[in-house]
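These numbers come from a predicted model, not from an experiment. Computed from heavy atoms alone, side chains included, the values below leave out hydrogens, waters and symmetry copies. Chain identifiers are assigned alphabetically (A, B, ...) following the order of the sequence lines, protein sequences preceding nucleic acid strands; residue numbering begins at 1 within each chain.
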Amino acid sequence: MKFWSQYFVPTLKESPADAEIASHKLLVRAGLVRKLGGGLYTYMPLGLRVMQKLTQICREEIEAGGGIELWMPHVHPVENWEQGPRWAAAREIMFRTDSAGAGKGRSKEPEFVLGPTHEEVITPLVKQEITSYRDLPKNFFQIATKFRNEIRPRFGLMRAREFVMMDAYSFDATDDGAVKSYFAMKSAYEKFFKRVGVRAIAVEADTGVMGGSFSHEFMVPAEIGDDDVIYSDAGYAANREKATSALVPKDFADAAPVGAVEEFATPGVVTIAALAAAPFNVAADQQFKTLVYVGDGKPFVVILRGSDELEEAKLGSLGFTLCRAATSEEIEPALGAKPGSLGAVKGTFKNGEALAGVFADHAIRLIGNGTTGANKDGFHVRNVNVTRDLAITKFGDFRRVRPGEPCPQSGQPLQVRRGIEVGHIFKLGTKYSEKYNAVYTDDQKQTHFFEMGCYGIGISRTMQAVIEQSHDPDGIVWPWNVAPFQVLICVLDPDSPEAMGLAQKLGAVAEQAGADVLVDERAERPGVKFKDADLIGIPLRITIGSKGLKDGIVELKARNSKDVAKVPLAEIEARLAATVAEAKAKSA
RNA sequence: CGGGGUGUAGCUUAGCCUGGUAGAGCGCCUGGUUUGGGACCAGGAGGUCGUAGGUUCGAAUCCUAUCGCCCCGACCA
């Protein structure tokens, strides 16, 4: 039992100027966090209590799913990362020590990085400690602070430079085992979010820099989320980077060529829109859009319908470590023209040898005979047939889906909504174990790379996502299991020994029943106490006032309801114990 | 990193355009009256106006630089 005036709950009437979204404002107003700098927050006592509850629930569910908790350093020798598969991509967002390191009296200063996750630490550890299939599978996890030098921290804890995350790493002997470990974690995640009391849906996700073969994100639907979830009523759900649609029917037959490829002059026409306008009038979805990217130093071509947008993340499937748009200076020597006149018709590249490939989005098959750039400034070509004319290395899915397109599973129209990513699971395969030569020996004395998976839950982000999903105009409405306290006893007249005595007694009853109790015995007016009570969102409120005491009653009110129960003193203890027990049972 | 904005008391802010003694609300302190949904009265403390230069008789205000923060974009394990 904590007493408000001896505890520390600094609430604010007004929102800080730098908070824009509801959950961020409430985090600060309810005294849960205070800002140190961009993306850096102190967890105040109330906020810390929520974090501890989230942490404990997470620990229990991950353990139940097979996880074994440990703790790794957050300062890593840079060598661990240099040896790993994603150093080139990850170094951009990592905090690093100054490698010059001068002035410390040492001839050479070792370089360190702050860990954004720990594949680079756990994989060498497991390599060292586990050598036999008999010791597999294993799944190690920790709940700890993570560091990412975000380009743009925002929305309070939503995208912070320092944050708390649960990260787990599974090691299996076989791919089947890895799949099992993966789905054990998926199920543990579902239990975690359910117990927390937040609605989070699993969506198919892109594997991004992590690499690996498949992946799910756990998204809390919210308008302010910075990810788009594409879904259909039939149950399909994927994030924007990964989502596909069934644009090309399975039995689609490519159109037959209608004539020879023919060049025509298009002076000054360098956009899809310009070619779609008079006098050319080539509809955007009958044009081939030719984009040039650079993958690991070598240019490559991507072809889309003119009406489609490239989803850059999908280039990840091509296997390059780093991808970026090519510059004009890089494009011209390879293709022979500037952007606006590019195409991929066979034999029109100035130097096709320089290209790492020509990758075509499936949807261009719908074009049949279309128009594209001639790789000669000021000229396009028409009657371009996909199979006959284009120099395609490989087809793939590169376009960004649009709402209304058919769901790849059911054909129903796809819909979009925003979400907050609170968890992510990856099946990694052997991407990391190969890099570190992390192997075990099987029963045939053969060595194999570990089949790995990695799993993350943003604990601090989840705290904010809960608030975003569960608040009203008066403040936070905490779900029972993560509320900093479950019962708030408002003593309106703290000078009354009778009232304080009753508060003590009821507090003990609630604690006995399994609730954490906060007693507001401040010398404040009732209005102040009620406003603060609503703001900090404790699920169950007991009000002890002198008027009520005279009539022999106290009030019982749930934060998520308007109903106030006036309970006779003779019944309150039993009623309180029963209410707490019921709330606990419902949230279990 | 590109675009936009902003920095004045613990918090929210006015004043800046058009230079001339830095104001308010909340919060805080003292006293009094109040006491069931952010009370009232009286008194009080608290600001080198982000920082550094410059222009000027005079700068919160104009100019330059710099730092921080916020938003949009890019980016995002």
Side-chain angles (χ1 to χ4, degrees), chain A residues 10-21 24-25 28-29 31 34-40 81 84-87 89-94 115-120 146-156 158-161 163 165 167 169 205-212 215 217 224-227 239-241 312-313 316 322-325 420-421 423-426 428 431-432 453-458 461 474-475 490-496 522-535 541 543-551 553-555 557 562 564 566:
Chain A
T11 58
L12 298 172
K13 275 191 200 178
E14 289 178 290
S15 299
D18 60 15
E20 174 126 318
I21 63 172
H24 184 191
K25 289 176 182 170
V28 180
R29 284 191 56 211
R34 287 294 186 262
K35 183 165 80 171
L36 173 65
L40 301 170
W81 282 80
R86 56 173 173 167
W87 173 236
R91 58 191 300 172
E92 301 294 320
I93 62 135
M94 292 175 69
T117 65
H118 284 67
E119 286 80 359
E120 282 75 359
K146 295 285 178 288
F147 302 89
R148 292 182 195 174
N149 196 0
E150 292 289 352
I151 301 166
R152 178 147 98 87
R154 64 180 119 181
F155 296 154
M158 216 51 104
R159 182 177 298 283
R161 289 198 164 100
F163 57 97
M165 179 168 155
D167 49 322
Y169 308 91
D206 181 66
T207 51
V209 179
M210 296 297 315
S215 169
E217 278 175 355
I224 56 92
D226 47 5
D227 291 287
N239 75 359
R240 167 71 79 189
E241 285 74 35
E312 283 196 24
L322 278 179
C323 270
R324 60 168 174 82
I420 301 164
E421 180 190 344
H424 208 153
I425 56 181
F426 296 91
L428 288 174
K431 176 172 174 173
Y432 287 82
C454 72
Y455 317 92
I457 292 178
R461 182 184 280 193
D474 294 318
C490 283
V491 184
L492 299 188
D493 181 8
D495 290 334
S496 153
R522 292 175 297 169
E524 289 287 352
R525 296 168 58 86
V528 174
K529 296 190 175 196
F530 293 143
K531 287 290 184 190
D532 274 345
D534 289 344
L535 179 60
R541 187 180 91 196
T543 307
I544 301 174
S546 26
K547 282 179 186 171
L549 282 185
K550 249 179 242 164
D551 300 337
I553 58 126
V554 298
E555 290 169 9
K557 181 186 176 299
K562 283 193 165 40
V564 179
K566 293 186 191 302

Counting side-chain heavy atoms from CB outward, which of [options] is closest to [X]?
X: Glu14(A); options: C11(B), G36(B), C1(B); answer: C11(B)
X: Arg525(A); options: U34(B), G37(B), C71(B); answer: U34(B)
X: Val528(A); options: A39(B), C11(B), A77(B); answer: A39(B)
X: Phe426(A); options: A77(B), G37(B), A74(B); answer: A77(B)
X: Glu312(A); options: G36(B), C75(B), U12(B); answer: C75(B)
X: Phe530(A); options: G36(B), C71(B), G38(B); answer: G36(B)
X: Ala90(A); options: C70(B), A77(B), G36(B); answer: A77(B)
X: Arg148(A); options: G38(B), A77(B), G36(B); answer: A77(B)

Lys531(A) side-chain N/O to G37(B) phosphate OP1/OP2 under 4.0 Å: no
side-chain N/O Lys35(A) vs C70(B) OP1/OP2, d < 4.0 Å: yes
Strictly by Watson-Crick or wobble contacts shorter than 3.5 Å, is anything paired with [N], and which nucleotide is it?
N: U48(B); answer: none
N: A60(B); answer: none
N: C75(B); answer: none
N: G31(B); answer: C41(B)
N: G68(B); answer: U6(B)

Are [X] and [Y] side-chain neighbours, meaning at least one heavy-atom pair lies under 4.5 Å?
X: Lys146(A); Y: Asp167(A); answer: yes
X: Glu524(A); Y: Phe530(A); answer: no
X: Lys557(A); Y: Thr543(A); answer: no

Step-by-step side-chain contact (heavy atoms from CB on, under 4.5 Å) determination, Arg161(A) to Asn149(A): CA-CA 5 Å; Arg161(A) 289 198 164 100; Asn149(A) 196 0; 3.1 Å; yes
For a quick check of understanding: with a heavy-atom distance under 4.0 Å over all strands, which category does [X] fall into, base, sugar-phosphate or nothing?
X: Phe155(A); value: sugar-phosphate
X: Arg29(A); value: base
X: Arg240(A); value: nothing
X: Asp534(A); value: base
X: Glu241(A); value: nothing
X: Gly456(A); value: nothing
X: Asp167(A); value: nothing
X: Lys529(A); value: nothing

Derivation of the side-chain contact (heavy atoms from CB on, under 4.5 Å) call for Thr11(A) and Arg29(A): CA-CA 5 Å; Thr11(A) 58; Arg29(A) 284 191 56 211; over 6 Å; no
Audit row: Glu119(A), Lys431(A), side-chain contact (heavy atoms from CB on, under 4.5 Å) steps and yes/no: CA-CA 11 Å; Glu119(A) 286 80 359; Lys431(A) 176 172 174 173; over 6 Å; no
Quickly work out the [X] [atom1] to [N] [atom2] distance and round it to whole Å.
X: Leu12(A); N: U13(B); atom1: CG; atom2: C1'; answer: 15 Å
X: Ile224(A); N: C71(B); atom1: CD1; atom2: P; answer: 11 Å
X: Lys25(A); N: C70(B); atom1: NZ; atom2: C1'; answer: 13 Å
X: Arg152(A); N: C1(B); atom1: CZ; atom2: C1'; answer: 13 Å
X: Arg522(A); N: G38(B); atom1: CZ; atom2: P; answer: 14 Å
X: Asp495(A); N: U34(B); atom1: CG; atom2: P; answer: 15 Å
X: Asp18(A); N: C69(B); atom1: CG; atom2: C1'; answer: 7 Å
X: Asp493(A); N: G36(B); atom1: CG; atom2: C1'; answer: 12 Å

Please state the [atom1] separation for the pair [N] and [M] - nearest whole angstrom.
N: G7(B); M: G50(B); atom1: C1'; result: 6 Å
N: G32(B); M: G10(B); atom1: P; result: 29 Å
N: U13(B); M: U8(B); atom1: C1'; result: 9 Å
N: A59(B); M: A22(B); atom1: P; result: 12 Å
N: U56(B); M: A42(B); atom1: C1'; result: 44 Å
N: G47(B); M: U12(B); atom1: C1'; result: 15 Å
N: G19(B); M: C75(B); atom1: C1'; result: 44 Å
N: C41(B); M: G46(B); atom1: P; result: 23 Å

Any donor-acceptor N/O pair, Arg240(A) side chain to Asp227(A) backbone, under 3.5 Å: no
Any N/O donor-acceptor pair, Arg154(A) side-chain to G73(B) base, under 3.5 Å: no
base_contact_polar (G36(B) base, Glu555(A) side chain, donor-acceptor, <3.5 Å): yes
Thr117(A)/Arg148(A) under side-chain contact (heavy atoms from CB on, under 4.5 Å): CA gap, chis, key distance, verdict: CA-CA 9 Å; Thr117(A) 65; Arg148(A) 292 182 195 174; 3.5 Å; yes
Comparing Pro153(A) and Gly548(A) on RNA chain B - which has the more 5′ nearest nucleotide: Gly548(A)
Of Trp81(A) and His24(A), the one whose closest RNA chain B nucleotide lies more 5': His24(A)
Glu20(A)/Arg154(A) under salt bridge (Lys or Arg N to Asp or Glu O under 4.0 Å): CA gap, chis, key distance, verdict: CA-CA 9 Å; Glu20(A) 174 126 318; Arg154(A) 64 180 119 181; over 6 Å; no
